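First the structure, in the form of C-alpha cells, and then the observations on it.
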Amino acid sequence: MRDLDTVLAGLRRYPDAEAPNLFASDAADRLILDTASDVLAAARGSDVVVIGDRYGALTLGAAAAHGLTGLRVHQDSVTGEIALRRNAAELGIDACVSCPLDETLLAGAKVVLMQLPRSLAELTEIAETIAAFAAPGVQVFAGGRDKHMTPAMNGVLGACFETVRAGRGRQKARVLTAATAISPTSRTYPVTERIDTIDLSVVAYGAVFAGAKLDVGTRFLASFIGTMRPGAAEIVDLGCGTGILACLLARSNDRGHVIATDRSAAAVASASATAEANGLDITVLRDDAMSTLGDDSVDLIVCNPPFHEGASLHTGSAEKLFAAGQRVLRPGGEMWTVYNSHLNYRGTLRAAVGPTETMGKNAKFTVTRSALA
Ligand SMILES: C[S@@+](CC[C@H](N)C(=O)[O-])C[C@H]1O[C@@H](n2cnc3c(N)ncnc32)[C@H](O)[C@@H]1O
C-alpha cells in the first residue's frame, strides 16, 4: 500500500494544459477516496469502476491505497486516458483497463467512484448506465466541488437509485452516496433532434457540447461555409462535438474528404451517429488535437474551440488547437474559428497559425480566417 497524499501530489495533467493554477487532482478526489475507504478496503478490484477520473487520481489513488488491481475505468476525454496511462506508468501501477460507457464497464460492478460531470445530461446518461448494468446493490460515491454541484444532481441520481445521501462538505467539496440501483425502463441517450434551419437531424450522447441543439456560435461559423477555401480536398472539423459543421461541410463540398475529430468519446459517438442519420460520409476520429494527422496534410479547418479547461477558465485548450492547426495545414490552407468576442483570440491565432482576418462579428461572436503563409 502507498501513501495517498504522495500518489496524488505526483500526478500530472499532460497532455492537457499545465499551469500553476491548474491541478491534476482536487479536494473532491480526496473526499471520494476517503468516503469510500471502508468499502474499497473490503472490495476486489474487479468489483470497482471509476467514471470521470480526470487524470487518474481516483483510479490510482484507490489502487495505491488499497492494493486493488483490475479496476474498470471510463473517461470521456482521450487526454484523460493518456494522462492516466502516463501517471500509472510513472508510479509503476498496472491496475486498470479503459472501457466505453456501457455494459463492459459496469457489468456486475459493486462500487463506483466518480467525479460528478458538469452537465445533468451527462450525469443522467452515467446514472442510467450504472443502474442498467451494475450489481443491484451497487454503491456509488459521486463527488464534486460545491460550486459545480446543484440540487438537481440529487434528483438525477434519485431517479436511478433507491437512496441518495449528501455527505458533509470538506474543503468546498462534497460527496453524494447513492445505493441500490432502480433498473431503468428506458434510456434517455442518445437523443435526436431535427434542426430545420440547417436541414439536419442531430444525434447527441449525454456528455456532448450543446446536446442535440445548434450552438449560436456554431450557427454563426456555419453561415460562412460558402466562402471558405474553394476546392479544399482535405477538411477537418476540429473539436467536432455532434459534428454539425462536418456534416454541413460534407454536404456543401462534394470534392472534399471531411474528418470530424474530438477528444471526447461522447462527441465522436454523436458525430458518427449524426453523419449516419443524415446519410453523409465523413471520417470520425477520437484524437487529441489532431495528433494522428500528418503535418501539411489539410486544406481547411473549422473550429469552435473550448474556452475552459475542465472547470477552470483557461485558454490552454484553445491555444493547443490553434498550434495543431498550424502544424497540419498545407501552405495556402485556412483555419476558420469562431469565438466569444471578449476572448479576443485574433492575436493568439495570428501568432499560432498566421495572418488572421476578422470575417464577421455579431453581438456576441467573432469569426476569423487564419491563413497559412
Ligand atoms: C465549444 S465545443 C464545439 C463543438 C462543435 N464543434 C460545435 O460547434 O457544436 C469544443 C469541442 O472541442 C473539443 N476539444 C477540446 N479540446 C480538444 C482537444 N485537445 N482535441 C480534440 N478536441 C478537443 C471538446 O471536446 C468539444 O467537443
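Each ligand, and each atom within it, is numbered from 1 in the order the structure gives. Everything quoted here is computed from the prediction, not taken from an experiment.
Under 4.0 angstrom from ligand 1, the non-hydrogen atoms of D288 come from both its backbone and its side chain. At a heavy-atom cutoff of 4.0 Å, ligand 1 is contacted by the backbone of C240 but not by its side chain. Contact annotation: for V208 versus ligand 1, there are no heavy atoms closer than 4.0 Å.
Evaluation of the side chain to side chain donor-acceptor pair (under 3.5 Å) rule for D296 yields no partner, not counting sequence neighbours. Looking at residues two or more places apart in sequence or on another chain, you find a side chain to side chain donor-acceptor pair (under 3.5 Å) between D102 and T104.
Among all protein heavy atoms, the one lying closest to atom 6 (N) of ligand 1 is G239 O, 2.7 Å. Distance from atom 8 (O) of ligand 1 to its nearest protein heavy atom, with residue and atom name: T218 OG1, 2.7 Å. The protein heavy atom nearest to atom 1 (C) of ligand 1 is N304 O, 3.3 Å. Looking at atom 16 (N) of ligand 1, its nearest protein heavy atom turns out to be R263 NE, 3.3 Å.
For a threshold of 3.5 Å applied to N or O pairs, the pair formed by D262 and ligand 1 contains at least one separation below that value. Inclusion of P305 in the set of residues having an N or O under 3.5 Å from an N or O of ligand 1 is not warranted.
Under the 4.0 angstrom criterion for non-hydrogen atoms, V302 is not in contact with ligand 1. Heavy atoms of P306 come nearer than 4.0 angstrom to ligand 1 in at least one pair. Heavy atoms of I244 come nearer than 4.0 angstrom to ligand 1 in no pair at all. Judged by the shortest distance from any of its heavy atoms, D287 lies inside the 4.0 Å radius around the atoms of ligand 1. Contact between A289 and ligand 1 is present, with at least one heavy atom of the residue lying under 4.0 Å from the ligand.
Looking only at atom types and distance, the side chain of S370 has a donor-acceptor partner in the side chain of T356 under 3.5 Å away.
Considering D262, V268, L293 in turn, L293 is the only one that fulfils the side chain to side chain contact (heavy atoms under 4.5 Å, CB included) rule with L285.
Across V78 and D287, no two heavy atoms sit closer than the pair CG1-C, 3.9 Å.
Remark: R54 does not engage D16 in a salt bridge, criterion side-chain N to carboxylate O under 4.0 Å.
Counting heavy atoms from C-beta on, the side chains of L238 and M335 come closer than 4.5 Å.
Y345 and Y339 have perpendicular rings, their planes meeting at more than 60° on a 0 to 90° scale where under 30° would count as parallel.
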